[in-house]
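Structure first, then comments.
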Number of protein chains: 2
Amino acid sequence: MSSESILEAISQRRSQSLTALVRDELERLILSGELRGGERLNEAALASRLGVSRGPVREAVRLLERDGLATSVINQGAFVRQVSIEEASELYDLRAVVVGYACGRLAERITHEEEHELEVLVDAMDEAAENEAPEDYYSLNLTFHDRIMEVSACPRSTLLYRSIVKEAHLFRRRALTSADAMRESNAEHRRIVASLKRRDAEAAREAAERHHISGKRRWLRTMD
Amino acid sequence: MSSESILEAISQRRSQSLTALVRDELERLILSGELRGGERLNEAALASRLGVSRGPVREAVRLLERDGLATSVINQGAFVRQVSIEEASELYDLRAVVVGYACGRLAERITHEEEHELEVLVDAMDEAAENEAPEDYYSLNLTFHDRIMEVSACPRSTLLYRSIVKEAHLFRRRALTSADAMRESNAEHRRIVASLKRRDAEAAREAAERHHISGKRRWLRTMD
DNA sequence: GGCACGAAGATTGTCAACAACATGCAGTCT
DNA sequence: AGACTGCATGTTGTTGACAATCTTCGTGCC
């Protein structure tokens with residue numbers, strides 16, 4: 001082992017507890033689908049698989065509960081959370097109102113640099129749409145919205161937003177993104193940015209909220 | 001010990017883990033102010049005080065983190081969350097948009113029984129306002145809003161609402177409720193119920209959101 | 001007097017063992 | 001045959017001990 005990786009391991013060890021490391025790994029397993037919805041989280045099995053004892057695993061599972069990624073029943077253990085279509089639908093709505101709120105706030109304080117940053121992302125998404133590159137579009141879209149939340153200076157809303165995104169991800173047969181859907185979605189992004197540039201809080205809120213409601217509609221269309 | 005209390009103890013023991021019991025107790029201590037904001041949660045001290053070992057205490061603290069009542073730093077322990085005025089302000093806003101959303105949904109599905117139930121509560125609050133009984137008003141007000149969330153059939157929003165209420169409670173020098181403020185607040189309650197009775201989703205949402213924004217304004221007035 | 005250093009105490013992080021509980025199965029009784 | 005009882009096994013709940021880390025306080029030096 002090289003000395004750098006030793007140092008890295010030590011510094012990781014200092015800044016992160018085993019609980020946190022286990023939590024991250026479990027989150028990865030769940031969000032990637034390796035652990036499926038409803039599947040039982042066997043403490044002993046996970047502990048030996050990750051090379052730790054059951055204590056950190058138990059605490060990590062409690063943290064996952066916090067994020068709505070797992071649920072546990074007394075004396076029966078923890079299970080990967082299953083998100084029904086009704087719940088996913090409500091999560092879309094909640095995300096819409098939370099993002100709407102944050103965008104309204106952001107319109108009152110956005111800087112020129114931040115505007116530019118968002119415009120660059122929207123342009124990139126246009127390109128991804130033209131190239132019919134849904135993977136790229138998907139990832140840029142996540143960045144765009146996360147960045148909006150971050151610069152909105154609404155820390156609690158940002159945390160909530162991220163939590164909702166993760167939770168919704170549990171349902172997501174990822175919306176298959178046709179070129180049309182991408183173009184439609186990005187046109188809405190442009191409307192959001194335009195409202196932000198005009199410093200029009202009410203319009204920004206409406207545009208953001210409608211965008212997410214439209215997203216929900218596009219998602220619902222892929223269901224039947 | 002009577003046989004009933006034995007059965008009770010057994011059923012409690014079965015339905016609740018020590019972790020859950022500790023969690024409830026800690027939540028009580030925090031929300032009642034016995035444990036103050038910023039105060040350190042000493043695992044060993046709490047464990048011996050509650051007659052359990054450190055394990056359940058640690059897990060309970062993780063659960064409190066979920067609800068935003070505690071924060072923990074690696075190798076330094078957990079602390080009772082301190083909510084700044086800025087955070088409390090954002091929590092008011094978030095609550096407003098979440099409740100607004102739920103009220104909009106509720107307008108589309110409320111039953112006559114539920115309408116009646118809400119009207120009874122509003123009448124009771126009028127009485128409390130006239131009697132200048134802020135304690136009664138406060139408690140009725142909590143019931144009113146919680147009931148609205150419950151019958152709105154938006155389970156995730158209801159959970160979120162309750163979490164926000166608890167978190168905001170951490171700040172609350174409880175808004176001193178003058179008779180005027182109570183009357184003003186209850187007039188807004190009547191507008192919410194009226195919109196619900198008309199099955200007017202948009203109006204219900206607006207009325208609920210505005211009510212919470214007004215509440216925030218009344219709260220801010222008591223700050224200076 | 002103020003600051004760096006180090007040791008002692010206190011506190012958290014982790015672990016492995018034990019106890020309590022749930023599940024599945026075989027055997028028995030009606 | 002069906003239902004119930006009791007046991008065997010695996011899993012979760014809880015505990016106390018040990019290791020690692022942080023904090024505090026006293027000492028010595030500048």
Side-chain angles (χ1 to χ4, degrees), chain A residues 6-27 29-30 35-66 69-81, chain B residues 1 5-27 29-30 35-66 69-81:
Chain A
I6 289 178
L7 289 176
E8 198 179 324
I10 289 178
S11 80
Q12 281 216 346
R13 194 65 180 51
R14 291 217 165 166
S15 60
Q16 292 214 309
S17 64
L18 277 186
T19 297
L21 293 172
V22 171
R23 199 211 82 91
D24 290 348
E25 177 63 7
L26 287 181
E27 178 178 311
L29 289 173
I30 292 175
L35 291 172
R36 301 205 169 170
E39 193 166 336
R40 180 182 197 151
L41 296 171
N42 186 310
E43 292 176 5
L46 290 169
S48 76
R49 175 173 174 178
L50 301 175
V52 299
S53 77
R54 282 175 52 220
V57 171
R58 285 178 64 86
E59 291 185 22
V61 167
R62 294 281 182 267
L63 289 175
L64 290 176
E65 274 188 272
R66 165 178 66 178
L69 265 44
T71 56
S72 62
V73 182
I74 181 152
N75 286 330
Q76 289 186 21
F79 302 84
V80 178
R81 165 103 182 274
Chain B
M1 192 188 271
S5 64
I6 290 177
L7 289 177
E8 199 177 325
I10 288 177
S11 80
Q12 279 216 345
R13 194 64 182 54
R14 292 218 164 161
S15 61
Q16 293 217 304
S17 64
L18 278 186
T19 297
L21 293 172
V22 171
R23 199 211 82 91
D24 290 348
E25 177 63 7
L26 288 181
E27 177 177 312
L29 289 173
I30 291 175
L35 291 172
R36 299 205 172 170
E39 193 165 337
R40 181 183 198 149
L41 295 170
N42 185 309
E43 293 176 3
L46 290 170
S48 77
R49 175 172 175 181
L50 301 175
V52 299
S53 74
R54 281 175 51 220
V57 172
R58 286 177 64 87
E59 290 186 23
V61 167
R62 291 279 137 76
L63 289 175
L64 290 176
E65 274 188 90
R66 167 178 65 181
L69 297 182
T71 56
S72 60
V73 181
I74 180 145
N75 285 331
Q76 290 185 22
F79 302 84
V80 178
R81 165 102 182 275

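Quick caveat, the model's predicted, so the values are computed rather than measured. Below, read A as the first sequence line, B as the second, and so on, with proteins coming before strands; counting in each chain starts at 1.
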Compare the minimum distances between each of [options] and the side chain of [X], then state the nucleotide with the smallest one.
X	options	value
B:Asn42	D:dT12, C:dT12, C:dG13	C:dT12
B:Arg54	D:dT11, C:dT12, D:dG13	C:dT12
A:Pro56	D:dT14, C:dC15, C:dA22	C:dC15
B:Gln76	D:dC22, C:dT23, D:dT12	D:dC22

What's the [atom1]-[atom2] distance between [X] and [N], to the nearest Å?
X	N	atom1	atom2	result
A:Arg58	C:dG13	CZ	P	17 Å
B:Asn75	C:dA10	CG	P	18 Å
B:Leu18	C:dA20	CG	C1'	11 Å
B:Ile74	D:dT23	CD1	P	13 Å
B:Leu41	C:dG13	CG	P	12 Å

(message) Go nucleotide by nucleotide along DNA chain D from the 5' end; which of B:Gly55 and A:Glu43 gets its closest nucleotide reached first?
(response)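 The 5'-side residue here is A:Glu43.
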
(request) Take B:Ser53 and A:Gly77, find for each the nucleotide of DNA chain D with the closest heavy atom, and name the residue whose nucleotide sits nearer the 5' end. (result) A:Gly77

(request) Please answer whether the main-chain N or O of A:Gln76 pairs with a side-chain N or O of A:Arg40 as donor and acceptor at a distance below 3.5 Å. (result)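 Checking the backbone N and O of A:Gln76 against the side chain of A:Arg40, a donor-acceptor pair under 3.5 Å is found.
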
(message) Taking any heavy-atom pair under 4.0 Å as a contact, classify B:Arg40: base, sugar-phosphate, or nothing.
(response) sugar-phosphate

(request) Look at the side-chain N and O atoms of B:Thr19 and state whether any lies under 4.0 Å from the OP1 or OP2 oxygen of D:dT14. (result) yes

(message) Using a strict threshold of under 4.0 Å (side-chain N to carboxylate O), is an ion pair present between B:Arg62 and B:Glu65?
(response) yes

(request) Find the distance between OG1 (B:Thr19) and CD (A:Glu59) and round it off to the nearest 0.5 Å. (result)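 Here the rounded value is 9.5 Å.
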
(request) Using the test side-chain contact (heavy atoms from CB on, under 4.5 Å), find all partners of B:Arg81 that sit at least two apart in sequence or belong to another chain. (result) B:Thr71, B:Val83, B:Glu87, B:Glu167, B:Leu170

